[in-house]
Q: 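Before we start, here is the structure in question, set down as structure tokens.
Note that the structure is predicted; figures quoted are calculated from it, not measured. Whatever order the structure lists them in is the order used to number ligands and atoms, beginning at 1.
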Amino acid sequence: MKTVRVAVVGAGVIGFSTAVCIAEALPSCSVTLLADKFSPDTTSDGAAGILFAAKFPDIPLERQRRWFKDSFDHLLAIAQSQHSPEAGVMLSSGWQIFKEVPADKKPFWSEFVIGFRSMTDRELKRFPDHKFGQAFTTIKCECTSYLPWLEKRFRKAGGQLQQRRVTSLDELSSSYDIIVNCSGLGSKMLVGDNQVYPVRGQVLKVEAPWLQHFIRDGDGKTYIYPGVHSVTLGGTRQEGDWRLQVDEGDTESILERCSRLEPSLREAKVLSKWVGLRPSRRNPRVEREVVQLQGRRVPVVHNYGHGGWGVTLAWGTALVALGLVRNCLREMPPQAKL
Ligand SMILES: Cc1cc2nc3c(=O)[nH]c(=O)nc-3n(C[C@H](O)[C@H](O)[C@H](O)COP(=O)(O)OP(=O)(O)OC[C@H]3O[C@@H](n4cnc5c(N)ncnc54)[C@H](O)[C@@H]3O)c2cc1C
Ligand SMILES: O=C([O-])CC(=O)C(=O)O
């Protein structure tokens, strides 16, 4: 019997991953996912969705490796199954290239992706402005397909959805026993976290079906990611910039930078332009606290602030959030679990 009422706030890749993990693993919980925006209108929907990460400064590397590995293994199993086309999850091979040789030639996730190696001089000849490169196969997870696929999985596990803006956690305190906060940038308002801030990202979708390999400049500002229906060109990383409208200056700059790496893109038709705000934070917040809401002590599990790496780390941090919810259940007074 479902006796513990869990609210998950947020319907991006973090909220849905977390809600699925809880609904599938904890049959004693009835899980409701609440959000004001659902796919295709979340930040997650516009992400290129490439599995790739930078280091967060204050989180032990072992923990970050675990997040990456758990996510990679979860998505690799989907990419190699009959679910791959519906879920929008596929292998993607290509190159990350650097104008200067980086101090860290082997990123912490290099052993989890497939076939990681340094590029040969011959391969680098294509990129005369770049001195060093890495070749590997990773995963591309397209959230406009993946989120509806997770939603189906969530419903199948008994989960329920509610479209609604939550203005304060107080609103949830009488209807839920545990609150899981996956509201991304919304956490600034919802839990008053001033450490979370936007990093604006603009991308274009172009028609270039002849491109099969990704190319990413190591500075993180220019990238070309071939996908199922189009190729994503990026990007920008504008800190503290809340503008959601397309900036035509950025459009020109993205086309110019990407075409310099891949000249055939000068012929590609632009299909769409999109802007998203990465929910950035010095370190993601994946932790539990107990909050006093309307006179009740309510456990709140936070899982937000993944910046430019939310698709990459979603399943890994969702498993951690699941563990934190399990701990809440263990510590609940027996009558709450009846
Ligand atoms: C241009 C661009 C490219 C990117 N490319 C990649 C990539 O290649 N790989 C990668 O790993 N990551 C990438 N990212 C980063 C990735 O998009 C984010 O890390 C990820 O989407 C964060 O997911 P989220 O679920 O936390 O947030 P969101 O997708 O923003 O979801 C937040 C959810 O919370 C809800 N919400 C917020 N506040 C409230 C409230 N008060 N009440 C109710 N609901 C609320 C929202 O409605 C929404 O449903 C990219 C980002 C951008 C902008
Ligand atoms: O940096 C990348 O390659 C893609 C990405 O995650 C982003 O734009 O946030």
Q: Take every heavy atom of Gly46, measure it against each atom of ligand 1, and state whether any distance is under 4.0 Å.
A: no
Q: Among all protein heavy atoms, pick out the one at the shortest distance from atom 49 (O) of ligand 1; state its residue, atom name and that distance to 0.1 Å.
A: Lys37 O, 2.7 Å
Q: Check whether any side-chain N or O of Arg237 sits under 3.5 Å from a backbone N or O of Gly220 as a donor-acceptor pair, and report yes or no.
A: yes
Q: Identify, by atom number and element, the atoms of ligand 1 in contact range of Val13, meaning under 4.0 Å from any of its heavy atoms.
A: 23 (O), 25 (O)
Q: For ligand 2 and Trp309, I'd like to know whether there is a polar contact (N/O to N/O, distance under 3.5 Å).
A: no
Q: Identify the protein heavy atom lying closest to atom 26 (O) of ligand 1, giving its residue, its atom name and the separation to 0.1 Å.
A: Ile14 CG1, 3.3 Å
Q: Among all protein heavy atoms in this structure, tell me which lies nearest to atom 51 (C) of ligand 1, with the distance rounded to 0.1 Å.
A: Arg278 CG, 3.6 Å
Q: Would you mind listing which atoms of ligand 1 come within a distance below 4.0 Å of any non-hydrogen atom of Ala48?
A: 3 (C), 4 (C), 5 (N), 6 (C), 8 (O)
Q: Run the contact test for Trp309 against ligand 1 with a 4.0 Å cut-off on heavy atoms, strictly below, and give the result.
A: yes
Q: Just which atoms of ligand 2 are under 4.0 Å from any heavy atom in Tyr225?
A: 2 (C), 3 (O)
Q: Check ligand 2 against Arg278 and write out every atom of the ligand that is under 4.0 Å from a heavy-atom position of the residue.
A: 7 (C), 8 (O), 9 (O)
Q: Any idea which part of Val203 is under 4.0 Å from ligand 1, heavy-atom wise: side chain, backbone, both or neither?
A: side chain
Q: Could you list the atoms of ligand 2 found under 4.0 angstrom from a heavy atom of Arg216?
A: 1 (O), 2 (C), 3 (O)
Q: Distance under 4.0 Å to a non-hydrogen atom of Gly12: what atoms of ligand 1 satisfy this?
A: 25 (O), 29 (O), 31 (O), 33 (C), 49 (O)
Q: Output yes when the distance from some N or O of ligand 1 to some N or O of Gly307 is under 3.5 Å, and no in every other case.
A: yes
Q: Can you name the closest pair of heavy atoms from Gly12 and Ser44 and give their distance?
A: CA-OG, 3.5 Å
Q: Under 3.5 Å, side chain of Ser145 to main-chain N/O of Val89, donor-acceptor pair present?
A: no
Q: Identify, by atom number and element, the atoms of ligand 1 in contact range of Gly276, meaning under 4.0 Å from any of its heavy atoms.
A: 53 (C)
Q: Angle class for the Phe68/Phe72 ring planes (parallel below 30°, perpendicular above 60°, tilted otherwise)?
A: parallel
Q: Going by side-chain heavy atoms closer than 4.5 Å, which hydrophobic residues are tied to Val270, directly or by a chain of links?
A: Trp95, Ile97, Met119, Leu124, Phe127, Leu204, Val206, Trp210, Leu211, Ile215, Ile224, Val231, Leu233, Ile254, Leu255, Leu261, Leu265
Q: Tell me which protein heavy atom sits closest to atom 40 (C) of ligand 1, plus the residue, atom name and distance to 0.1 Å.
A: Val166 O, 3.7 Å
Q: Is the number of heavy atoms from other residues, nucleotides or ligands within 6.0 Å of NE2 (His213) greater than 12?
A: yes
Q: Taking C-beta and beyond as the side chain, do Val311 and Tyr146 meet within less than 4.5 Å on heavy atoms?
A: no
Q: Can you give me the closest heavy-atom contact between Leu271 and Ser230, atom names plus distance?
A: CD1-CB, 3.8 Å
Q: Look at ligand 1 and say whether Gly308 reaches it with a heavy atom at a distance under 4.0 Å.
A: yes
Q: Hey, looking at atom 29 (O) of ligand 1, which of Cys143, Ser183, Ser44 has the closest heavy atom?
A: Ser44
Q: Determine, stepwise, if the pair Thr137 / Val113 fulfils side chain to side chain contact (heavy atoms under 4.5 Å, CB included).
A: CA-CA 6 Å; Thr137 299; Val113 298; over 6 Å; no
Q: Going by distance only, is there an N or O of Val311 that falls short of 3.5 Å from an N or O of ligand 1?
A: yes
Q: Among all protein heavy atoms, pick the one closest to atom 44 (N) of ligand 1 and tell me residue, atom and distance.
A: Asp36 N, 3.1 Å
Q: Kindly check if the number of other-residue, nucleotide or ligand heavy atoms within 6.0 Å of CG (Asp58) is above 12?
A: yes
Q: Looking only at protein heavy atoms, identify the closest one to atom 22 (C) of ligand 1 and say how far it is in Å.
A: Pro279 CG, 3.7 Å
Q: Among Ala35, Gly184, Ala11, which one has a heavy atom closest to atom 33 (C) of ligand 1?
A: Ala11
Q: Please work out whether any backbone atom (N, CA, C, O) or any side-chain heavy atom from C-beta onward of Phe214 is under 4.0 Å from ligand 1, and answer side chain, backbone, both or neither.
A: neither
Q: Would you sort out whether Asn303 and Thr317 count as a side chain to side chain donor-acceptor pair (under 3.5 Å), showing the intermediate values?
A: CA-CA 7 Å; Asn303 186 11; Thr317 61; 3.2 Å; yes
Q: Heavy-atom contact check, 4.0 Å cutoff: does Phe52 meet ligand 2?
A: no
Q: Has Trp274 got any heavy atom lying under 4.0 angstrom from an atom of ligand 1?
A: yes
Q: For ligand 2, find out whether one of its N or O atoms is nearer than 3.5 Å to an N or O atom of Ala48.
A: no
Q: What are the atoms of ligand 1, with element, lying closer than 4.0 Å to any heavy atom of Thr42?
A: 29 (O), 49 (O)
Q: For Arg66, does the CZ atom have more than 12 heavy-atom neighbours from other residues, nucleotides or ligands under 6.0 Å away?
A: no
Q: Given Asp250, which partner from the list Lys221, Arg257, Lys273, Arg200 fulfils the salt bridge (charged side-chain N to carboxylate O under 4.0 Å, His left out) test?
A: Arg200
Q: With respect to atom 50 (C) of ligand 1, which of Ala47, Gly10, Ser71, Gly49 exhibits the smallest heavy-atom separation?
A: Ala47
Q: So, does Gly234 sit close enough to ligand 1 that a heavy atom of it is under 4.0 Å from the ligand?
A: no
Q: With heavy atoms of Arg164 as the reference, note each atom of ligand 1 found under 4.0 Å away.
A: 43 (C)
Q: Between Lys188 and Tyr197, is there a donor-acceptor pair closer than 3.5 Å when you use the side chain of the first and the backbone of the second?
A: no
Q: Before accepting this row, confirm whether a basic side-chain N of the pair Glu331/Arg326 lies closer than 4.0 Å to the acidic partner's carboxylate O.
A: no
Q: Which pair of heavy atoms, one from Ser280 and one from Gly307, lies closest together, and at what distance?
A: OG-CA, 3.5 Å
Q: Can you figure out which of Leu34, Ile50, Thr43 has its heavy atom closest to atom 9 (N) of ligand 1?
A: Ile50
Q: Are Arg155 and Glu151 close enough, and set up right, to give a side chain to side chain contact (heavy atoms under 4.5 Å, CB included), and what steps lead you there?
A: CA-CA 6 Å; Arg155 285 183 191 275; Glu151 181 181 323; 3.1 Å; yes
Q: Nearest protein heavy-atom contact for atom 6 (O) of ligand 2: which residue, which atom, what distance?
A: Gly308 O, 2.8 Å
Q: Hey, can you tell me if Phe154 and Phe16 have their rings parallel, tilted or perpendicular (30° and 60° cut-offs)?
A: perpendicular
Q: Taking only heavy atoms of Gly186, which atoms of ligand 1 are found under 4.0 Å from at least one of them?
A: 37 (C), 38 (N)
Q: Does some side-chain heavy atom of Ser183 sit less than 4.5 Å from a side-chain heavy atom of Tyr304?
A: no
Q: Considering heavy atoms of the protein only, find what lies nearest to atom 4 (C) of ligand 2 and give residue, atom and distance to 0.1 Å.
A: Tyr223 CE2, 3.6 Å
Q: Could you check whether any heavy atom of Met189 sits closer than 4.0 Å to an atom of ligand 1, since that is the contact criterion I want to use?
A: yes
Q: So which bit of Ala314 gets within less than 4.0 Å of ligand 1, heavy atoms only: side chain, backbone, both or neither?
A: neither
